[in-house]
Student: 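Here it is, the structure, as C-alpha cells.
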Amino acid sequence: MPLSSPPQPSESSPLILTGPIALEATLNSGQVFHWARLKDDSWSGVIGHMAARVSQRNGDLVVHSGDGAALSHYFALNHPLDEIYAAFPQDPMSQAALASCSGIRILRQPRWECVATFITSSMKQVAHIRAMSLDIRRRFGAEAAGAPTNAYPGFDRMARLGESDLRECGLGYRAGNLLKTARLLDAGGIDLEAIASLRTPALRASLQKLPGVGVKVANCILLFAYERLDAVPIDVWIHRILLQMRRGRTGSPAQLARYARSRLGPCAGYVQQYLFHHARTARRGSSPH
DNA sequence: TACCAGGCACGCC
DNA sequence: GGCGTGCATGGT
C-alpha cells in the first residue's frame with residue numbers, strides 16, 4: 001500500500017479514525033491547554049502549525065479538518081488501551097478512576113509547546129494555564145488558517161521577546177524562566193528532538209537543565225511529549241492520592257516517587273493521568289464553582 | 001480576608 | 001538528599 005496519499009477529510013466527508021477515545025476528557029485532562037469547543041460540539045485546535053477540527057462519534061475520532069495521519073499520531077490512537085487497562089492496579093481508587101476516565105489518551109504533543117506550557121504551569125490552576133497559553137498564542141503566534149487560535153510561537157520567536165511581553169500575559173515570575181529556556185534552545189544549547197533518543201533518566205536530566213523545569217515539570221514533558229508512559233508527575237493532587245494509598249504515611253518526594261513507580265505499574269503515567277482527572281472532576285461535581 | 005493552584009531555584013544543613 | 005523560603009497571579 002502506498003503511504004504517499006492517505007485519505008484526507010473534507011466537510012462533506014469527514015475521516016473516521018477508530019478509537020476508542022474519550023475526546024472531551026482527553027482535551028480537558030490537564031495535558032494540553034488550548035483546544036476550544038465549538039457550537040456543534042466539535043473541537044478546534046492547532047498542532048504545531050496545523051489547524052485541526054475533530055469530534056467524537058460513538059468511541060471514534062471524527063476528523064473534519066487536519067491531516068489524518070498526523071492526528072492519529074497526536075491522539076495516540078495506536079496506544080493499546082486494553083493492555084494498558086489490564087496493567088492498572090487493582091486498588092479501589094485506581095479502578096474507580098479507570099471506570100470514570102476510560103478512553104482518555106496520553107497525547108503525543110509537539111515538544112516545545114509542551115515544554116513551554118508546563119514551565120508556565122507552576123502554582124497555577126488548569127484554567128489559568130489555559131488563559132496564559134491562549135494569550136501567548138494570540139499575541140505572538142502565527143495564524144493557523146481556519147483555527148480560532150494561533151500556533152504557539154516557536155522558541156526562536158519567543159527568544160526575541162522581552163520579559164515584560166510575557167509578564168503581560170499573566171506569567172508573573174514564570175516569564176523569566178520561559179524566556180531563558182527559549183533563548184537557551186534558540187542558541188542551540190539543547191536540541192529537544194535529538195534528546196528524544198536518550199533513555200528516560202538521561203532525558204529527564206537533560207530537560208531539568210532548562211530554566212523552570214524541575215522534576216515535576218520534567219515528568220509532565222516526558223509523559224506528554226516523549227511518550228514515556230511510566231513517567232509520573234507528582235503534583236498536589238497526585239501527592240494527596242499517594243498519601244491515601246499509603247494510609248497517610250508521608251515520605252520525602254523521592255520516596256513517594258519510588259512508591260508511585262512500584263505501585264502504579266508499567267503504565268504508571270496513564271494511571272496517574274486517570275487518577276488526576278478523576279480527582280479533579282469529582283471535586284467539581286461536589287462543590288460547583 | 002485567607003487560602004489554594006499540574007513548582008522551581010536557592011541557600012543551608 | 002532533605003527542608004525552608006521567596007516568587008506572581010487569579011479564583012473562591
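A, B, ... follow the sequence lines: proteins, then strands. Residue 1 opens every chain. All values reported here derive from a predicted model rather than from experimental measurement.
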Student: Is any side-chain nitrogen or oxygen of Arg240(A) closer than 4.0 Å to OP1 or OP2 of dA5(B)?
Tutor: yes

Student: Going 5' to 3' through nucleotides 6-13 of chain B, assign each nucleotide B (protein heavy atom under 4.0 Å from a base atom), S (under 4.0 Å only from sugar-phosphate atoms) or - (no protein heavy atom that close).
Tutor: BBSS----

Student: Quiz question: going by heavy-atom distance under 3.5 Å, is there a donor-acceptor pair between the base of dA8(C) and the side chain of Arg174(A)?
Tutor: yes

Student: Distance check needed: dT9(C) C1' versus Arg167(A) CZ, whole Å only.
Tutor: 11 Å

Student: Can you pull the salt bridge (Lys or Arg N to Asp or Glu O under 4.0 Å) pairs that have at least one residue in residues 193-209 of chain A, sequence neighbours excluded?
Tutor: Arg111(A)-Glu193(A)

Student: Among residues two or more places apart or on two chains, list those pairs meeting side-chain hydrogen bond (donor to acceptor under 3.5 Å, both in side chains) that have a residue in residues 47-57 of chain A.
Tutor: Glu11(A)-Arg53(A), Asp40(A)-Arg53(A), Ser42(A)-Arg53(A), Ser55(A)-His64(A)

Student: If you measure only the distance, is there a donor-acceptor pair under 3.5 Å linking the side chains of His79(A) and Arg105(A)?
Tutor: no

Student: To the nearest angstrom, how far is His128(A) atom NE2 from dG10(C) atom P?
Tutor: 8 Å

Student: Does Gln95(A) have any side chain to side chain donor-acceptor pair (under 3.5 Å) partners at least two apart in sequence or in another chain, and if so, which?
Tutor: none

Student: Looking at Glu143(A), I want to see if its CD is surrounded by more than 12 non-hydrogen atoms of other residues, nucleotides or ligands under 6.0 Å.
Tutor: no

Student: Quick one: side-chain hydrogen bond (donor to acceptor under 3.5 Å, both in side chains) pairs with a partner in residues 177-192 of chain A, sequence neighbours left out?
Tutor: Arg160(A)-Asp186(A)

Student: Which residues within residues 252-265 of chain A lie with some heavy atom under 4.0 Å of an atom in DNA chain C?
Tutor: Ser252(A), Ala254(A)

Student: Check the side chains of Tyr274(A) and Ser102(A) for a donor-acceptor pair under 3.5 angstrom, ignoring hydrogens and angles.
Tutor: no

Student: Can you check the distance between dG6(C) and dG6(B), where both ends of the measurement are the P atom (answer in whole Å)?
Tutor: 23 Å

Student: Check whether the side chains of Asn28(A) and Arg280(A) place a donor and an acceptor atom closer than 3.5 Å, and report yes or no.
Tutor: no

Student: Atom CD of Glu168(A) to atom P of dG10(C): distance rounded to whole Å?
Tutor: 12 Å

